[in-house]
Amino acid sequence: MPGIGVRYDLTTREHRHLSVVAHRDGSRTLSAYRRDDPDACALSVHLTGPEAEALVDALKPTHHSPTLLSTTELGLVAERIELAAASHWNGRLLGDTRMRTETGVSIVAVLRRAEAIPSPGPGFRLAGGDTLIVIGTREGVDAAAAILGRE
């Protein structure tokens with residue numbers, strides 16, 4: 001679709017026709033067509049980029065597990081915080097951040113290149129480009145992002 005984006009079509013096992021238009025601005029249009037007339041659109045929903053991402057997360061069957069805690073129901077959030085190359089913490093020990101003491105946030109993993117380091121201890125040395133997976137209250141995660149964003 002020149003000038004608009006890319007259209008993806010899908011026919012389900014129940015012979016329902018669906019399409020998604022991936023717009024150049026990152027938004028998406030999801031459309032479902034009538035069974036009796038596959039050229040007649042029965043539903044069309046325009047989604048912002050973040051709304052489309054939320055829908056993708058909800059549709060991924062391997063993403064959710066019945067034993068996984070729903071953190072929002074508990075008042076907790078889990079987020080990724082990237083450590084900039086120019087960060088004050090680049091090359092320093094995780095314990096030096098005093099993250100749990102200062103914010104109440106737990107760093108549950110660090111993603112470094114293609115490697116995931118689960119449950120890093122206080123002796124773990126941080127590096128620019130690391131992505132820290134943190135869990136805590138909304139306020140705590142925001143405070144952690146501020147601390148880790150220090151240059």
Side-chain angles (χ1 to χ4, degrees), residues 1-13 16-32 41 43-151:
M1 303 179 73
I4 297 173
V6 178
R7 179 177 166 159
Y8 300 92
D9 290 295
L10 167 74
T11 301
T12 70
R13 184 175 48 197
R16 297 298 306 261
H17 179 200
L18 305 173
S19 73
V20 175
V21 175
H23 298 274
R24 293 174 58 194
D25 67 359
S27 65
R28 302 288 189 264
T29 301
L30 172 65
S31 300
C41 187
L43 171 72
S44 185
V45 179
H46 188 78
L47 303 168
T48 65
E51 290 168 338
E53 289 176 21
L55 180 59
V56 167
D57 280 346
L59 292 172
K60 285 181 175 177
T62 58
H63 181 73
H64 297 285
S65 162
T67 59
L68 184 65
L69 292 175
S70 176
T71 56
T72 54
E73 292 174 9
L74 299 172
L76 300 174
V77 295
E79 285 191 10
R80 297 171 179 234
I81 301 173
E82 187 169 339
L83 197 66
S87 172
H88 169 77
W89 304 108
N90 187 3
R92 296 188 180 214
L93 298 177
L94 178 60
D96 293 344
T97 67
R98 297 180 38 85
M99 191 62 57
R100 189 179 303 224
T101 302
E102 298 295 325
T103 68
V105 163
S106 294
I107 298 171
V108 297
V110 174
L111 308 178
R112 180 175 288 165
R113 296 183 199 94
E115 182 182 7
I117 299 103
S119 304
F124 179 82
R125 193 163 301 278
L126 296 168
D130 283 352
T131 299
L132 286 72
I133 309 298
V134 300
I135 189 166
T137 64
R138 170 81 271 151
E139 296 80 18
V141 169
D142 289 344
I147 289 170
L148 293 169
R150 182 175 157 203
E151 293 188 10

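Shortest non-hydrogen contact noted between Leu126 and Trp89 is CB-O, 3.6 Å. Taking both residues in full, the closest heavy atoms of Cys41 and Leu43 are given as SG-O, 3.2 Å, listed atom of the first, atom of the second, then distance. Ile135 and Leu76 get closest at one heavy-atom pair: CG1-CB, 4.5 Å. Met99 approaches Ala144 most closely through the heavy-atom pair SD-CB, 3.3 Å.
For the pairing with Val134, the side-chain contact (heavy atoms from CB on, under 4.5 Å) check across Val108, Thr103, Val105 returns one residue only, Val105.
Between Val110 and Leu83, the closest side-chain pair of non-hydrogen atoms is not below 4.5 Å. Looking at Arg7 and Val21, their side chains come closer than 4.5 Å, going by heavy atoms from C-beta outward. Looking at Asp130 and Phe124, their side chains come closer than 4.5 Å, going by heavy atoms from C-beta outward.
The environment of CZ in Arg112 is crowded: more than 12 heavy-atom neighbours from other residues, nucleotides or ligands sit within 6.0 Å. Within 6.0 Å of CZ on Arg16 lie more than 12 heavy atoms contributed by other residues, nucleotides or ligands.
We find the CD1-CG distance between Ile107 and Leu148 to be 6.0 Å, quoted to the nearest 0.5 Å. Here Ile117 contributes atom CD1 and Leu111 contributes atom CG; the two are 7.5 Å apart, rounded to the nearest 0.5 Å. Separating the OG atom in Ser44 from the CG atom in Leu30 is a distance of 7.5 Å, to the nearest 0.5 Å. The distance from the CZ atom of Arg28 to the CD atom of Glu51 is 12.5 Å, given to the nearest 0.5 Å.
For Leu93, the side-chain contact (heavy atoms from CB on, under 4.5 Å) partners are Asp96, Arg125, not counting sequence neighbours. Glu102 is linked by a salt bridge (charged side-chain N to carboxylate O under 4.0 Å, His left out) to Arg98, counting only residues two or more places apart in sequence or in another chain.
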